[in-house]
Number of protein chains: 2
Amino acid sequence: MKSLHKAVAVLDGFSRAEPSMTLGAIASRLKLPKATAHRLLAALRDAGLVVQDGTRDRYRLGLKLVALGNVVLSDLALFHVAGPHAERLVNQSGETAHLCAFDGFNVMSIDRREMQPARNELVTIEREPPHCTSTGKAILAFQPDAVVDRVIAAGLETFTGNTITTAEALREDLDQVRERGYALDLEERQYGIRCVGAPIRGPDGAVIGAISATGPTERLPTNRLPILAEMVVATARSISEALTTRTG
Amino acid sequence: MKSLHKAVAVLDGFSRAEPSMTLGAIASRLKLPKATAHRLLAALRDAGLVVQDGTRDRYRLGLKLVALGNVVLSDLALFHVAGPHAERLVNQSGETAHLCAFDGFNVMSIDRREMQPARNELVTIEREPPHCTSTGKAILAFQPDAVVDRVIAAGLETFTGNTITTAEALREDLDQVRERGYALDLEERQYGIRCVGAPIRGPDGAVIGAISATGPTERLPTNRLPILAEMVVATARSISEALTTRTG
DNA sequence: TCAGTCGTTCCATAATATGGAACAATGACT
DNA sequence: AGTCATTGTTCCATATTATGGAACGACTGA
């Protein structure tokens, strides 16, 4: 399935920062001959996963991916039930709430609530680095060792001077998460930002997501963190319960 | 790229009605040997496009598709600027507004506004049959012949007794759309529902989407259609203008 | 405990993907 | 208007990968 992996690498090359690319840029980025890149793009285009404006214009991801992504979200109970709970957390804490889902492979931010929501503002749905976010660590702490090993093997990318970059440090942090019942991100992902995250469990008890409260460091001094954590943990528990009682 | 096409066919097999499937069901649906289906699913799983709950459980689409779909939407100017215009159309007409995008390949419904919107209700983002929806025909009428040919070649699926099912009838209908400046769906897609749709143009003048007003047939008698059409056409024009003046 | 069914793996064989080179089309410059 | 550079596209001899029947391992239900 070598060509399938190459095709997916082509898709992965597109991002919010670079939603369109030329054939040459794609070939260069992936170190492929132009003929190979062209054949991959032609196949993806036939499938509707990629589109091309003109014969000499750039390639971009196709709308079909929106439809496929929507199939995922429409089946994601977490996405459907968490909204009111997240709103309550925002009102209680005065901070921004993030909702993340875990599909056994990726930690994905899927919803975000703030004090002043904007209608139809596109929520940032994107993969989160699981080793240095409160939601990522809240999820990882309750996964089988194999999942943690896979994250470590994929590399622990550095974001700030506080980012966890060694396997040992990550495991110790996850031990603390299990003890406390919540995870902390103290400017690990981004300078000036602190987060508290707690795991959300599915009906079978497996951790399938997390919710966090996020705010600027000066608004979240160390003495305020346990109070915030209590709210986040309670919210995570109420979402977990809503998932259990939900039918369909 | 045969295996890539097979892999995409696997992805296409998932839907809102059937968000998870067994390996056997996928193999059977696509008439593939289990070994082949397994290899395709393993490769898609490695890529994060598909996930599997347990070693004996069903497969489902992965969250990565949500992220890729989001890259598409985040770059879709139409999606970002159309909201207030669609809201105005709803308020003026009292009917539901649909926003559709066209990527040169698919006509996709990407937003929907109603008199009583539900917060965080997941909008139905899915492919629309272009030959029998007002938005689809509003888009097709202004595309190169090759696009129309491709739609015809893909088959004109029947939904009601009023659905257009021949190439000749479709071309005639598209002629009328061009003359009037708007398209009509008089219970072609669904019994009891009528729609009026108008094309939305990008900065270069190409038709890249459409907007429609939709309601029950009894609320949209024939004499009301021209009045509604006027509102829809005006809304489409104002969205087109917003796209032209938009920068970034 | 056993039978049936599911997902997974193996490997001889069949089929497809590759990529250098050349071509066609487009845009920029003079 | 013509030329040149650059981009996307196509060809095909060759290299490499995908295939799928059969068997295996794991799990579930009786």
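Every chain is numbered from 1 and lettered A, B, ... according to where its sequence line falls, protein lines coming before strand lines.
Between A/Ile208 atom CD1 and A/Leu76 atom CG the span is 7.0 Å, to the nearest 0.5 Å. Here the straight-line distance linking atom CE of B/Met108 with atom CZ of B/Phe79 works out to 13.0 Å at 0.5 Å rounding. Rounding to the nearest 0.5 angstrom, the gap separating the CZ atom in B/Arg201 from the CZ atom in B/Phe142 is 5.5 Å.
When the salt bridge (charged side-chain N to carboxylate O under 4.0 Å, His left out) test is applied to B/Asp12, the partners found at least two apart in sequence or on another chain are A/Lys64.
In this structure, CE of B/Met1 is placed 14 Å from C1' of D/dT10, rounded to the nearest angstrom. Rounded to an integer number of Å, the gap from CG of B/Leu23 to P of D/dA26 is 17 Å. In this structure, B/Leu32 atom CG and D/dA18 atom P are separated by 15 Å, rounded to whole Å. Atom CG of A/Leu4 and atom C1' of D/dT16 are 16 Å apart (whole Å). The CD1 atom of A/Ile26 sits 15 Å away from the C1' atom of D/dT9 (whole-angstrom rounding). Atom CZ of A/Arg60 is separated from atom P of D/dG8 by 14 Å (rounded to the nearest Å). Computed from coordinates, the A/Lys2 NZ to D/dA18 P distance equals 9 Å when rounded to whole Å.
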| side chain to side chain contact (heavy atoms under 4.5 Å, CB included) assessment of A/Ile164 paired with A/Lys137 | CA-CA 11 Å; A/Ile164 290 171; A/Lys137 289 188 287 182; 4.1 Å; yes
| message | Run B/Met21 and B/Tyr59 through side chain to side chain contact (heavy atoms under 4.5 Å, CB included) and show every step you take. | response | CA-CA 5 Å; B/Met21 290 171 71; B/Tyr59 289 83; 5.7 Å; no
Just distance, no hydrogens or angles: give the donor-acceptor pairs under 3.5 Å from side chains in residues 149-158 of chain B, sequence neighbours left out.
unit_1: B/Asp149; atom_1: OD1; unit_2: B/Arg171; atom_2: NH2; d: 3.0
unit_1: B/Arg150; atom_1: NH2; unit_2: B/Gly104; atom_2: O; d: 3.0

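Screening residues 21-34 of chain B for salt bridge (charged side-chain N to carboxylate O under 4.0 Å, His left out), with sequence neighbours left out, gives B/Glu18-B/Arg29. Sorted by first then second residue, the salt bridge (charged side-chain N to carboxylate O under 4.0 Å, His left out) pairs that include residues 39-51 of chain B, not counting sequence neighbours, number zero.
Within the 4.0 Å cut-off from OP1 or OP2 of D/dT7, not a single side-chain nitrogen or oxygen of A/Tyr59 is found. A close approach under 4.0 Å does not occur between any side-chain nitrogen or oxygen of A/Lys6 and OP1 or OP2 of C/dA17. Between C/dT8 and B/Gln52, a contact under 4.0 Å exists linking OP1 or OP2 to a side-chain N or O.
DNA chain D is contacted by A/Lys34, A/Ala35, A/His38 of residues 34-43 of chain A, taking any non-hydrogen atom closer than 4.0 Å.
Annotation: of the two residues near DNA chain D, A/Arg45 and B/Ser3, the 5′-most nearest-nucleotide partner is A/Arg45.
With axes fitted over five pairs at each extremity, the angle between the ends of the helix from C/dT1-D/dA30 to C/dT30-D/dA1 is 60° (10° resolution).
Out of D/dA18, C/dG7, D/dG8, the shortest distance to the side chain of A/Thr22 is found at D/dG8.
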